[in-house]
> 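Quick one: the structure is below, questions incoming.
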Amino acid sequence: MAALGVLMVLLAALTACAGPYQYYEGTGLHDATAAEVAGGWENVEGTRVVLRKDGTALLEKLDGQGFDFEDGWRFSGTGTWQLTDDDGGQVVQLVLTTRTRVEKRSPSPVADPSAPEPPSTYSWFFHVNRDPHDGLVLFFMYGDPDIGNMYVMTRETGS
């Protein structure tokens, strides 16, 4: 009986740390095209991402995804992107290959002396969805997955 109790506690601990994908399986969207995704994207925090038709990308002040958001860094640089599709829906994989600048989000999170240095390369996975007007929206989850925060990118004004 004690072994069963230990097994139950172990399974509970393992499933509690399954990450954001235990909560979110995707948008179910499968009809976006790479040509439709290409172009300029922005969010209210001053982030700007340009996804070029040739698969290259320009990033300005893009925050980390998942728990990395808590570190407060924002990347600028260049990279690559691709639109993928799986059972849960379409995802834009964006990879920072050349970092040109790292900034801290303002107001800056409390400095943690044990926080790791920002990585020199980084990957984001943006879910693809449609807004009520059938336009595309890109987003990823950040912070504690129990809270369900979404970092939303909309089509750049004038794009």
> Give a yes or no on whether the ring-centroid distance for F139 and W41 is below 6.0 angstrom.
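Ring centres of W41 and F139 not closer than 6.0 Å.
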> For K53 and G39, indicate whether the former's side chain and the latter's backbone hold a donor-acceptor pair under 3.5 Å.
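Looks like no, no N/O pair under 3.5 Å.
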> Nearest 0.5 angstrom please: E25 CD to H127 NE2, how far?
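The NE2 atom of H127 is 10.5 Å from CD of E25, to the nearest 0.5 Å.
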> For L136 and N129, what are the C-alpha separation, side-chain angles and deciding distance, and is it a side chain to side chain contact (heavy atoms under 4.5 Å, CB included)?
CA-CA 6 Å; L136 290 183; N129 206 359; over 6 Å; no
> Not counting sequence neighbours, which residues clear side-chain hydrogen bond (donor to acceptor under 3.5 Å, both in side chains) with S76? List them please.
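Partners of S76 under the side-chain hydrogen bond (donor to acceptor under 3.5 Å, both in side chains) test: R101.
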> Do S120 and F75 make a side-chain contact, defined as non-hydrogen atoms from C-beta onward lying under 4.5 Å apart?
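Sidechains of F75 and S120: no contact.
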> Could you tell me which residues satisfy salt bridge (charged side-chain N to carboxylate O under 4.0 Å, His left out) with D63, sequence neighbours excluded, listed by chain and number?
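Applying salt bridge (charged side-chain N to carboxylate O under 4.0 Å, His left out) to D63 gives R74, R105.
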> Start with the C-alpha gap between M141 and Q65, add the side-chain angles, then the distance that decides, and say whether side chain to side chain contact (heavy atoms under 4.5 Å, CB included) holds.
CA-CA 7 Å; M141 308 301 243; Q65 184 170 352; over 6 Å; no
> What are the two closest heavy atoms between E36 and D31, and how far apart are they?
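Here E36 and D31 meet closest at OE1-O, 4.2 Å.
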> Kindly assign one of parallel, tilted or perpendicular to the pair F69 and Y142, based on the angle between their ring planes and the thresholds 30° and 60°.
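Tilted.
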> How close do A57 and L51 get, heavy atom to heavy atom, and via which atoms?
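Closest approach of A57 to L51, heavy atoms only: CB-CD2, 4.0 Å.
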> Does E45 pair with K61 as a salt bridge, N-O distance under 4.0 Å?
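Here E45 does not pair with K61 in a salt bridge, since their nearest N and O are not under 4.0 Å apart.
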> I'd like to know if the side chain of T98 reaches the main chain of G77, judged simply by a donor and an acceptor atom lying under 3.5 Å from each other, with no hydrogens or angles considered.
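No: the side chain of T98 does not pair with the backbone of G77.
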> Between A34 and W81, which heavy-atom pair has the shortest distance, and what is it?
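Scanning both residues completely, I find the closest heavy atoms to be O-CH2, 3.5 Å.
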> Check salt bridge (charged side-chain N to carboxylate O under 4.0 Å, His left out) between D134 and all other residues, then give those that pass, not counting sequence neighbours.
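Partners of D134 under the salt bridge (charged side-chain N to carboxylate O under 4.0 Å, His left out) test: R130.
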> With sequence neighbours left out, write down each residue that passes side-chain contact (heavy atoms from CB on, under 4.5 Å) with T154, or none if nothing qualifies.
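T154 satisfies side-chain contact (heavy atoms from CB on, under 4.5 Å) with E42, V152 once adjacent residues are dropped.
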> With Q93, which residues qualify under side-chain contact (heavy atoms from CB on, under 4.5 Å), at least two apart?
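Partners of Q93 under the side-chain contact (heavy atoms from CB on, under 4.5 Å) test: Q82, V95, S123, F125.
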> Apply side chain to side chain contact (heavy atoms under 4.5 Å, CB included) to residues T27 and Q90 and explain how you reach the verdict.
CA-CA 8 Å; T27 63; Q90 291 175 295; 6.0 Å; no
> Closest approach of D144 and E70, non-hydrogen atoms and distance?
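So the minimum-distance heavy-atom pair works out to N-OE2, 4.4 Å.
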> Out of curiosity, E60 CD to T78 OG1, how far, rounded to the nearest 0.5 Å?
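If I round to the nearest 0.5 Å, the distance is 11.5 Å.
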> Would you check, one step at a time, whether the test side chain to side chain contact (heavy atoms under 4.5 Å, CB included) holds for V49 with L94?
CA-CA 10 Å; V49 174; L94 176 61; 4.1 Å; yes
> Once rounded to the nearest 0.5 Å, what's the spacing between atom CZ of R99 and atom CH2 of W73?
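Taking CZ in R99 and CH2 in W73, the distance rounds to 9.5 Å.
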> Can you list the residues that meet the ring pair (Phe, Tyr, Trp, His ring centres under 6.0 Å) rule with Y151, with sequence neighbours excluded?
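With neighbours one apart ignored, the set is F140.
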> Tell me, please, which residues at least two apart from D85 pass side-chain hydrogen bond (donor to acceptor under 3.5 Å, both in side chains).
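Expected list: H30.
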> Connecting only ILVMFWY residues whose side-chain heavy atoms lie within less than 4.5 Å of each other, what is the rest of L58's hydrophobic cluster?
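Once heavy-atom contacts under 4.5 Å are chained together, L58 belongs with V50.
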> With T56, which residues qualify under side-chain contact (heavy atoms from CB on, under 4.5 Å), at least two apart?
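For T56 the side-chain contact (heavy atoms from CB on, under 4.5 Å) partners, ignoring immediate neighbours, are R52, D54.
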> Report the distance from atom CG of D71 to atom NZ of K104, rounding to the nearest 0.5 Å.
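Output value for this atom pair is 6.5 Å.
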> Quick one: side-chain hydrogen bond (donor to acceptor under 3.5 Å, both in side chains) partners of D87, sequence neighbours excluded?
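D87 satisfies side-chain hydrogen bond (donor to acceptor under 3.5 Å, both in side chains) with no other residue.
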> Should L83 and V128 count as side-chain neighbours, where that means a heavy-atom distance under 4.5 Å?
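A side-chain contact exists here, since the closest heavy-atom pair is under 4.5 Å.
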> Report yes if some heavy atom in the side chain of L59 is under 4.5 Å from a heavy atom in the side chain of W124; otherwise report no.
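Yes - at least one pair of side-chain heavy atoms lies under 4.5 Å apart.
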